[in-house]
Each structure stands twice: as C-alpha cells, then as structure tokens.
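As structure tokens, the structure follows; a few thoughts come after it.
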Amino acid sequence: MTAQLNARGDVAVLVPAAGAGLRLGPGGPKALRLLAGEPLLVHAIRRIAAAGSVRVIVVAAPAAEVEAVQELLAPVAPVTVVAGGAERQESVALALAAVPAGVDIVLVHDAARALTPPQLIEAVAAAVRAGHPAVIPVLPVVDTIKEVGPGPELEVVLGTVDRAVLRSVQTPQGFRHDVLAAAHATAADSLTDDAGLVEKAGVPVTCVPGSELALKITRPLDLILAEALLHVS
Ligand code: C5P
C-alpha cells in the first residue's frame, strides 16, 4: 500500500542514492542492494514516509536507474526521482532544486542509513523548527582514535585525540531551506556531508542524539548487522 505524505507538513527529505557502493563489493548501486529481499532504498523510504511532518521526498538516483527507481518506489510512497551527480554533494544539490518553495525545513538523509527510525527524522526536524538553522544527529565515539602518519615501513602514531570531544555524525541532517540553499549555491569544495558546507558558511550546527539503528550500511558486515536489526526497527 502506498503511504500518504502529510500535505500540510513542513519538511522535505532529500535522499542521495546515486552512489556506486563499491565498498559493499560488486553488485550494482548500493541503494538497490537487497536487505531481507527488498532494496535498501525501499526500507529507507518506508521509514521516511512514516515520519508525520514529511510533505515531500526527493530521491537522487543513478542516472541510468531513474525510471526503475520511480517504478520501485511508486507502491511505497509518493516520491520525486531526479538523476544524481558524480559526487554526493552534486546529487544533493540536484535533489534540492526539486524542492518546492514554501517547504521550510529540508533534511538530507543517506539511503544507506536504511533502518533510521521515523522518530529520529522527527527529532531532527523538530530541532530545526525550534530555531536551530542546522541540526545533525550524533553518537559518542567508542574506539580510541589516533592520528597517524607514514613511517619507514608501517604507519606510526603521531598522537591520541581526546575521544570525549568527538562524535560520529549520522543523517538525517536538517536545515532551514534557505540556509541549505545558500550553502550549496556558494559551495567551493566537495564535502562528505551537508553540515560541513553550512559550517563553512559560518552557520552554527547543533547536535541531537543519534540512533544505533541509523547505521550506514557500507561494508558487507553492515548488511549482516542490518538484517539482524530489522526485527527491532
Ligand atoms: O559514498 P558514501 O557512502 O559516502 O555515500 C553516501 C550516500 O550518498 C549514499 O546514499 C550514496 O548513494 C549517495 N551518493 C549519491 N551520489 C553520488 C555518490 C554517493 O547520491 N555520486
């Protein structure tokens, strides 16, 4: 059954899903890899559509897969599908261009975080609505982190970073529409996340607690973990 989006909602969710997913090994675009018999993108869209304030979903698909992705998602939720670009940032900019004026909050959410609960999507949107121009979900870092450099044979340690002040950053990242549009319009370098662009523009970025379920499915082990987590997400 196709989920209905909230026509009175104030949130657009952009889903960059145009990556090749090479780190998962051979087998086509990552967003279309199967998890328990369904593409990761389907799992992700179902959860986005279940978030009550979402009015618009725009997916950036691999250029060769736009029609296939439209057909795949039609039974799941009403989505706009655009062709993505060569880099993630370009895919986000292309999706952003498809967001109608009048939608005040834009979230950017990786298809690879397919099990992200609707509650996290709502928590990020709520923090933007409450007045924070840019919001990211974060988790504490569990490993000790070392800075390394090249040695004569193997890498050598240059120093130990204080873990207490570090956070792992997830998606969805949420922004005021005008703030994200301005950051993309003036972006000089290609960054791995949208909050990075906004930071460079001098906008404060606020953290909310992330979720273990929002893990990024990147390597083959992550697929096994995600399958085990399906029954709790
Ligand atoms: O490569 P990485 O894991 O950082 O990709 C994060 C997200 O960005 C994935 O959902 C991927 O599909 C998307 N992406 C994209 N367009 C690209 C490269 C990555 O939409 N050209």
Side-chain angles (χ1 to χ4, degrees), residues 12-35 38-49 51 54 56-70 72-73 76-77 79-99 106-117 120-121 124 136-139 167-175 180-181 183-184 187 189-199 210-211 213-226 229 233:
V13 183
L14 315 183
V15 185
L22 297 178
R23 285 169 292 178
L24 261 186
K30 176 160 71 173
L32 302 179
R33 302 290 180 95
L34 299 184
L35 171 64
E38 288 187 307
L40 290 178
L41 186 58
V42 170
H43 290 279
I45 296 296
R46 198 178 283 133
R47 286 164 177 77
I48 295 168
V54 173
V56 177
I57 302 174
V58 184
V59 175
E65 310 282 349
V66 170
E67 266 182 41
V69 168
Q70 266 160 352
L72 176 73
L73 297 179
V76 183
V79 298
T80 302
V81 184
V82 300
E87 303 208 357
R88 182 187 179 283
Q89 191 169 307
E90 202 186 331
S91 297
V92 173
L94 289 163
L96 183 59
V99 175
V106 179
L107 269 50
V108 185
H109 185 39
D110 289 337
R113 298 186 189 273
L115 302 187
T116 301
L120 183 61
I121 295 167
V124 170
I136 58 173
V138 302
L139 289 178
R167 300 289 179 269
S168 297
V169 177
Q170 303 182 314
T171 72
Q173 300 190 342
F175 307 91
L180 187 63
H184 271 275
D189 340 292
S190 183
L191 300 180
T192 53
D193 79 342
D194 299 276
L197 283 184
V198 168
E199 268 166 71
S211 164
L213 291 173
L215 79 156
K216 182 157 143 193
I217 301 170
T218 306
R219 292 153 299 191
L221 178 64
D222 300 324
L223 269 179
I224 296 168
L225 189 57
L229 288 172
S233 75

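Start at 1 and go down the list; that is how both ligands and their atoms are numbered.
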Where [X] and [Y] come nearest, the two heavy atoms and their spacing:
X    : Y    : answer
L223 : L35  : O-CD1, 3.8 Å
A111 : A17  : CB-CB, 3.7 Å
P172 : P137 : O-CD, 3.0 Å
I57  : V54  : CG1-CG1, 3.8 Å

Of all the atoms in ligand 1, which lie at a distance below 4.0 Å from a heavy atom belonging to [X]?
X    : answer
A111 : 10 (O)
A112 : 10 (O)
S91  : 15 (C), 16 (N), 17 (C), 20 (O), 21 (N)

Heavy atoms of other groups near E87 CD, more than 12 under 6.0 Å: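 Check fails, neighbour count at 12 or below.
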R88, K216, R113: member with heavy atom nearest to atom 4 (O) of ligand 1: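 Going through R88, K216, R113 one by one, K216 has the nearest heavy atom to atom 4 (O) of ligand 1.
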Selected option - heavy-atom contact closest to atom 20 (O) of ligand 1, from A18, A31, A114: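 Considering heavy atoms of A18, A31, A114, the nearest to atom 20 (O) of ligand 1 sits in A18.
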Region of K30 that comes within reach of ligand 1 [heavy atoms, distance under 4.0 Å]: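 The part of K30 near ligand 1 is the side chain, not the backbone.
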Contact partition for A86 relative to ligand 1, non-hydrogen atoms under 4.0 Å: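 Under 4.0 Å from ligand 1, A86 contributes backbone atoms alone.
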S91 side-chain N/O to A60 backbone N/O, donor-acceptor pair under 3.5 Å: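 Side chain of S91 to backbone of A60: no pair is present.
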Sub-4.0 Å heavy-atom approach of G85 to ligand 1: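 Checking ligand 1 against G85, which is what was asked, there is a heavy-atom contact under 4.0 Å.
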